[in-house]
Amino acid sequence: MRILAHFSTLSEAVRDHIHDGDTVSLEGFTHLIPYEAGHEIIRQGKRDLTLIRLTPDLIFDQLIGMGCARKVIFSWGGNPGVGSLHRMREAIEKGQPKPLEILEHSHAGLVNAYVAGAAGLPFGVLRGYRGTDLIEHNSQVAVIECPFTGEKLSAVRAVNPDVTVIHAQQADRDGNVMLWGIVGIQKEAVMAATRAIVTVEEVVDRFEPRPNSLILSRLLFKAVIVTPGGSHPSYAQGYSVRDNPYYVAWDGISRDRATFLSWMEQNVMSPAGK
Amino acid sequence: MRILAHFSTLSEAVRDHIHDGDTVSLEGFTHLIPYEAGHEIIRQGKRDLTLIRLTPDLIFDQLIGMGCARKVIFSWGGNPGVGSLHRMREAIEKGQPKPLEILEHSHAGLVNAYVAGAAGLPFGVLRGYRGTDLIEHNSQVAVIECPFTGEKLSAVRAVNPDVTVIHAQQADRDGNVMLWGIVGIQKEAVMAATRAIVTVEEVVDRFEPRPNSLILSRLLFKAVIVTPGGSHPSYAQGYSVRDNPYYVAWDGISRDRATFLSWMEQNVMSPAGK
Amino acid sequence: MTQELTYTADEMMTIAAARLLSNGMFCFVGIGLPSAAANLARATHAPDCVLVYESGTIGTKPSRLPLSIGDGELSETAEVVVSLPEIFNYWLQAGRVDVGFLGAAQIDRFANLNSTVIGPYDQPKIRLPGAGGAPEIATGAREIIVVLRQNTRTFVEKVDFITSMGHLTGGDSRQELGIKTKGPTVVITQLGLLRPDPATKELRLTDLHPGVTLQQVQAATGWNLQIAAELKQTPPPTVQELSALRDIQSRTKNG
Amino acid sequence: MTQELTYTADEMMTIAAARLLSNGMFCFVGIGLPSAAANLARATHAPDCVLVYESGTIGTKPSRLPLSIGDGELSETAEVVVSLPEIFNYWLQAGRVDVGFLGAAQIDRFANLNSTVIGPYDQPKIRLPGAGGAPEIATGAREIIVVLRQNTRTFVEKVDFITSMGHLTGGDSRQELGIKTKGPTVVITQLGLLRPDPATKELRLTDLHPGVTLQQVQAATGWNLQIAAELKQTPPPTVQELSALRDIQSRTKNG
């Protein structure tokens, strides 16, 4: 616990803390998805990553389509309110641009895998997966018996990413981090990881108390990066709204590989003004 | 979940929701201990209760000394910063005023028993109790093996009180409850219980956001009772400070049974002005 | 004589779903039709129906329908917003949810649901989004309302993958797994309502929507569908229901 | 020549404990002497030593010493306050704590600690407060500093009850239970410091406080105490240490 958070740049933080072959969690449940950090991972051409997110969302579609991933651990892989993630589907269905291994949970299962990871336990317990075919296709779920009642429950193996990346609204000057609104699984994803990095909308002198807010200690982060708009096209409550047209447009952009690649080139790899 | 919270009086709430023989949790970790509710339990002469608190504190010393308890489930039974709980010790060591069964956890163990109870699971898992003699004297702790790694951990049986009582700073007019400062295990104690009642310092139109605050949904409470000072001699951050002299004086008051009884008669059973 | 109202199949499904909700019910809601139905109930006969989305927003009162379960308005209008471990463990798993809504790409005669894959898991014909919150909603909520379009691609003899357990192989097979919740108690389609037989747990057609024939329903079902002895007719949408629903949806489009 | 300072045995213990803490260390602290030691370290050589109390207050900076772990100032001056499940599961159990302080009523030669009962568990001679956070601090923190008064009632051949595991029966017996943390690395008393032998894990006297004799230490130990080959002398408290400590304590009394 002795290395304290420090302010950094996105290119430095991704270079120093994310390596080829790492297991990387980018969390944010619809809200506060760390898109900018994901794009920097793509720009730096990271390879063979095991990517973890409850909802892969467009950011994983982009990472997968650009060939960064060898495996995805997830629990719901759609474009919310729109339809499919075409790049992820093509990787699963046709092995394009490269074969993609998947490990598929339910939300409750993956949530409890993060909880166990954050708590330093090798597994979590839930009354889940019962009667489903998921359990047959997931070696990280097992039956466990209650030593008191004999009830059979599910154990899910902890996830402990090498790196977790999140986006938050604010950091203070010490590097403590505040997020509010839908807080999802970010605390557990950060605490389950060996290293964590956070992009924030801004740095403030003092946190103003907010409803439904969460403060994460500076002790948990290797790097804090000021990245306004870092969760676009998702949103940061109090700073931006979800860019629903982007999500709708993605369906057309991502359906065809060539269109996707040209869009990524223009908008992510060498965007105007970057 | 269909019965919504309603505002009530302490005498009604204790009469309606706490019955002889019930398992009753009164939580609040040093902060926000529900003393007034405990005193009402004593005044109504409830009997054969199984009482649960991490730190029995003076309130359990009073309940035990007045003969309300047949069993205590706890993890640290002292007068914080002062010494012993003499009434609880006399019950354990000499069976006075009646024999007291104890079930003794560590904090981490009882915390995870509440967590499991709140989550509707029959047990919780922790890397705890290892190498201790506690496990021999607690039938609610067992060894459990990780189905993935083979590591041996401890399982602790869930606690699900019939009733949980807490004290909080504020309720809003719908019966939602806000507490801030040290929030302890109150959320889990409330959510593990079949019924929950809460005393509050005051009712407000709208909650003002506070640092380190917690809002508990109105859906979780059977009764909300406005009880200013309801946690004295512990404290309610923002409303009162801990009455340390009371805690220090308790050592003398409680050491002798006759002194204790006369103090209780004057200060709890028929206090001036009540 | 009142003028005949015109309405779409989706509107009929949404209104039929809303009618099943009552005041004080605690409903676990997903995006799309379930969200529309629960908000319609709130706007009409069940203003105190409590909505929770799996994003952790409890008692939320959106003025328009969210495109995603994480839309900002859900959290801004919520009584409380909790983390995902709390919503799944302390609320859903702990048995606090009265009604959960589920959709699916396929359903079988015992109301088992598939939202994972069409074709073999390892060589999918169509890869669907997957489980999300569904498997634990299916076993954690006291009862489940299923809403989906009925045709021979969706109502199949055997689902390709059980994502969410319904009544498994019928009879007591669900209970034998130690599950105490009721599971799917009704399936709402654009043609009518189906409910499990109390003993066999096989879905039977119990209600027919206005203007729908038994032949149409049978033709849209991939197995030999049983019909309840007392088949009921769904009352058509009322003016109030339709205008409340359209009001919600126009706010959504303009929002 | 400097004037001889006078100080109490408690002051020597507290200062000896404070000296073991360094900047950036994350310390799990209890009430009483450990709390005084950690705050003394913060006030002197280790201003960035991070204090956490089991009440969930992280990075707290009290101006005076709390009477209970739940005192309001601990939460008001904390960087973050977390719930008990979070402090015990996500912080302590997850291995984020560098140093944990423990006291006890009894200690044995392998630094196993008793804070539960004197006499048989079911027929106690003296019923003590019990475990609290100690058993999991003892196994969760990377290392443990034990602080207690040394005499033949406290330093016993065999503790009546193991509340918190030290080095169990010595050697590798602790590791054989699957525990990866170091356990007690030092025991601080009013007479000196004891540390476990690297191989046998039996406590040896390694440091003697000023003015204390070996005979005094042996007489205060309920077993045949081993002495380290290179026995060191504890440097006496400095003017700075003593005045900082007395300053903290006077604020406490007047607070």
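By convention in this document, chain letters (A, B, ...) are assigned in the order of the sequence lines, proteins followed by strands, and residues within each chain are numbered from 1.
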Under a 4.5 Å heavy-atom cutoff, which of C:Ser75, C:Ser115, C:Ser83 has the most pairs with chain A?
-> C:Ser75

Using a cut-off of under 4.5 Å on heavy-atom pairs, state which of A:Leu214, A:Thr132, A:Val248, A:Val183 scores highest against chain C.
-> A:Thr132

Counting heavy-atom pairs under 4.5 Å with chain C, the top scorer among A:Met88, A:Glu151, A:Glu188, A:His31 is A:Glu188

Euclidean distance, C:Leu84 CG relative to A:Lys187 NZ, rounded to 0.5 Å | 12.5 Å

Taking atom NE2 of A:His107 and atom OG of C:Ser55, what is their separation to the nearest 0.5 Å?
-> 9.5 Å

Inter-residue atom distance C:Asp122.CG - A:His137.NE2, 0.5 Å rounding = 6.0 Å

Can you tell which of A:Asp133, A:Asn244, A:Thr30, A:Val111 has the highest number of heavy-atom pairs within less than 4.5 Å of chain C?
-> A:Asp133

Could you tell me which non-hydrogen atom of C:Val81 sits nearest to which non-hydrogen atom of A:Gly181, and how far apart they are?
-> CG1-O, 3.5 Å

What residue in C:Ile137, C:Val159, C:Ile126, C:Leu74 has the most heavy-atom pairs under 4.5 Å with chain A?
-> C:Ile126

Let me see the working for A:Tyr129 and C:Glu136 under side-chain hydrogen bond (donor to acceptor under 3.5 Å, both in side chains), right down to the final yes or no.
-> CA-CA 7 Å; A:Tyr129 294 103; C:Glu136 285 75 25; 5.7 Å; no

Would you say C:Lys158 has more than 12 foreign heavy atoms packed within less than 6.0 Å of its NZ?
-> no

Partner chain A: residue of C:Asn114, C:Asn89, C:Thr57 with the largest heavy-atom pair count (under 4.5 Å) = C:Asn89

Chain C shares the most heavy-atom pairs under 4.5 Å, among A:Val82, A:Val241, A:Asn112, A:Thr55, with A:Asn112

Who wins among A:Gly81, A:Gly77, A:Gly78 for the most heavy-atom pairs under 4.5 Å with chain C?
-> A:Gly77

Check whether any side-chain heavy atom of C:Gln93 sits under 4.5 Å from a side-chain heavy atom of A:Leu126, and report yes or no.
-> yes

Atom CD1 in A:Ile92, atom OH in C:Tyr121: separation rounded to 0.5 Å?
-> 7.5 Å

Which region of C:Glu86, side chain (C-beta onward) or backbone (N, CA, C, O), has a non-hydrogen atom less than 4.5 Å from a non-hydrogen atom of chain A, or is it both or neither?
-> neither

Out of curiosity, C:Glu76 CD to A:Trp180 CH2, how far, rounded to the nearest 0.5 Å?
-> 11.5 Å

Contact part of A:Leu54 toward chain C, heavy-atom cut-off under 4.5 Å: side chain, backbone, both or neither?
-> side chain

Interface moiety of A:Arg242 toward chain C, non-hydrogen atoms closer than 4.5 Å | side chain

Enter the distance from A:Glu136:CD to C:Ile162:CD1 here, rounded to the nearest 0.5 Å.
-> 9.0 Å

Is there side-chain contact between A:Ile185 and C:Pro85, with at least one heavy-atom pair below 4.5 Å?
-> yes

Part of A:Phe74 lying under 4.5 Å from any heavy atom of chain C = side chain

Just by modelled atom types, is the C:Gly130 backbone N or O under 3.5 Å from a matching donor or acceptor in the A:Glu104 side chain?
-> no

Portion of A:Ile102 that has a non-hydrogen atom of chain C nearer than 4.5 angstrom | side chain

Within a radius of less than 6.0 Å around CZ of A:Arg257, do more than 12 heavy atoms belonging to other residues, nucleotides or ligands occur?
-> yes

Pair count under 4.5 Å, heavy atoms only, with chain A: among C:Arg127, C:Met165, C:Glu73, highest is C:Arg127

Just give me the residue among A:Ala108, A:Pro56, A:Pro80 that pairs up with chain C most often, heavy atom to heavy atom, under 4.5 Å.
-> A:Ala108

Side chain, backbone, both or neither of A:Val115 within contact of chain C (heavy atoms, under 4.5 Å) | side chain

Residue C:Leu168 versus chain A: region with a heavy atom under 4.5 Å = side chain

